[in-house]
Amino acid sequence: MRAAHLHPQNPLFSEHHADFKMKRLLLLASLAGALPVSQCAAAGLYLYELGTEDVGLANAGAAARAQDPGTIATNPAGMTELSGSQLSVNGQALYGDIAYTLDKDRPRAGGSPGNVLGWYPGGSVFYSQQMDEQLTLGFGMYGNFGLGLDFGDWAARSLIRESTLLGVTLQPSAAYKLDERWSIGGGIGINYGVFSFERDAWRGTVRQVDHDWALSGKFGVLYKPDERTRIGLNYSSETRFRYQADAAVGNFPLPISAQVNAPRQLMLSGFRQLSPQLAILGSAGWQNWSRFGDSELEIASASVSGASRLRDSWHASLGAQYQLKPKLRVNAGLAFDSSFYRDQNNTALTMPSGKSWRFGLGGQYQATATSSIGLSLEYLTSDNARVSNPLYKGSYRHPQLYFLGLQYTQRL
């Protein structure tokens, strides 16, 4: 008996082709909802926290504080407030309590993944050098974009097991003092992004990894109406990453190409020294998350499009610094961020977020005449986030993040 040939006119070919097409569409749909490159960033976090003193202030006054070289990241113009040469080294530990629960939990098939984050390290390094009375140069290295989620052996591990997107920024910067009141500053961000995606397949675990370089910019202005008051405005441009990866349906390759945009943002901050002991700080900010509607995801050269689930978000924070002792300053802050989702019932699996509150507390101790050490704590709580994709429909209930930051600043 002769084997049937899969010719386009053969019914067996049509059935085989339709089956493959259906599988491809199912995988495409699942990847479009699960992959961090679908209209959004992996883990969907563009964090303010860099391990600096700003952690204990919940970002209050970040673009106006200008008390250490960390201002390179929050407003480069603030470097004109730093004398001589200064080095700031910051470490950070993040713990995430972000549990995902399937609506239809099936323990025998793996069930819900539970907490998908856990401990996550971070940090930053900044250096500033005053060249003369007007010009200050600086350099920063930090990472505040992306996160890694580990779903483990859950029911939908054939669609996603791990998802990671990280960005590290190298930022040479310069600030110039125009007069006693006005300063300007800017920096070029050299951004290195790493994309990693892992899932189970019939041949075993499949892992795709890619990386990309991208440029961005920061520009800031600092205004001092008097010696006790500072007002700062900082603009951060959009960053665009392009990634390539390969998936498959059976023996058929399915190349994936994605463009991921980190949002541009504006931050306006104020600092006011009310007395020798007490200062108040505040910030108001905007992040252009709706721009992610222009992100692109292509699977097998076919564009995946759809209305963006994201909208612009807003930030407001208020904090205070109190000089408890000649060598000890205490910080506290409170912040609110609106949700970048249009609908909390239609969120991305790799983007557990919503409107959130931050509560910060910290302190700085003057160890010697030229060095200081600091400790900062912050608690973040966010709204519930539901995922509507029927392949892994479920919810994140009350996502929470805990930050611990350690600072060391040395005047050289």
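This chain uses plain numbering: 1 for the first residue, then up along the sequence.
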Centroid-centroid distance, Y402 to Y379, less than 6.0 Å: yes
In chain order, what residues pass the ring pair (Phe, Tyr, Trp, His ring centres under 6.0 Å) check against H211, with sequence neighbours excluded? Y192
Run Q344 and S339 through side-chain hydrogen bond (donor to acceptor under 3.5 Å, both in side chains) and show every step you take. CA-CA 8 Å; Q344 285 299 122; S339 175; 2.6 Å; yes
E162 and R199 ion-paired at < 4.0 Å: no
Under 3.5 Å donor-acceptor, Q273 side chain and S275 backbone: yes
S283 side chain to G61 backbone, donor-acceptor under 3.5 Å: yes
Using atom types as modelled and distance alone, determine if a side-chain donor or acceptor of N75 lies under 3.5 Å from a backbone N or O of A63. yes
Y235 versus S237: any side-chain heavy-atom pair under 4.5 Å? yes
Main-chain N/O of V55 paired to Q92 side chain as donor or acceptor, under 3.5 Å: no
Do the non-hydrogen side-chain atoms of N384 and S395 ever get within less than 4.5 Å of each other? no
So which pairs with a foot in residues 321-336 pass salt bridge (charged side-chain N to carboxylate O under 4.0 Å, His left out), sequence neighbours left out? E53-R329
Over 60° means perpendicular and under 30° means parallel, so tell me whether F151 and Y100 are parallel, tilted or perpendicular. perpendicular
Quick one: does any side-chain atom of R309 pair with a main-chain N or O of T347 as donor and acceptor, under 3.5 Å? yes
Output the distance between atom OG (S269) and atom CG (N59), rounded to the nearest 0.5 Å. 6.5 Å
Evaluate H315 against S317 for side-chain hydrogen bond (donor to acceptor under 3.5 Å, both in side chains), listing each step before the verdict. CA-CA 7 Å; H315 167 88; S317 56; 3.1 Å; yes
Hey, does the side chain of Q366 reach the backbone of T368 with a donor-acceptor pair shorter than 3.5 angstrom? yes
Can you find a heavy atom in the side chain of V194 that is under 4.5 Å from one in the side chain of L165? no
Show the numbers, then the answer: is there a side-chain hydrogen bond (donor to acceptor under 3.5 Å, both in side chains) between S85 and Q129? CA-CA 4 Å; S85 304; Q129 173 68 60; 2.4 Å; yes
Would you find a donor on one side and an acceptor on the other, under 3.5 Å apart, between the side chain of R230 and the backbone of A64? yes
L334 backbone acceptor or donor facing R358 side chain under 3.5 Å: no
Just how far is it from atom OG1 of T239 to atom CD1 of I190, taken to the nearest 0.5 Å? 12.0 Å
Please determine whether a side-chain nitrogen of the Lys or Arg among R65 and D54 lies less than 4.0 Å from a carboxylate oxygen of the Asp or Glu. yes
For G51, is there any backbone N or O sitting under 3.5 Å from a side-chain donor or acceptor partner on Q407? yes
Got a donor-acceptor contact below 3.5 angstrom from the S338 side chain to the K355 backbone? no
Do N191 and D212 come close enough that some side-chain heavy atom pair is under 4.5 Å? no
So, D210 and R242, do they make that salt bridge, N to O below 4.0 Å? no
Taking only Lys NZ, Arg NE, NH1 and NH2, and the carboxylate oxygens of Asp or Glu, determine whether E238 and R264 approach each other closer than 4.0 Å. no
Any heavy-atom pair between the side chains of T164 and V209 that's under 4.5 Å? no
Checking side-chain hydrogen bond (donor to acceptor under 3.5 Å, both in side chains) for the pair S88/D68: CA distance, chi angles, key distance, verdict? CA-CA 7 Å; S88 177; D68 58 64; 4.8 Å; no
Does anything in residues 177-190 form a side-chain hydrogen bond (donor to acceptor under 3.5 Å, both in side chains)? List the pairs, not counting sequence neighbours. T80-S183
Is the closest basic N to carboxylate O distance between D150 and R161 below 4.0 Å? no
Please determine whether a side-chain nitrogen of the Lys or Arg among D343 and R386 lies less than 4.0 Å from a carboxylate oxygen of the Asp or Glu. no
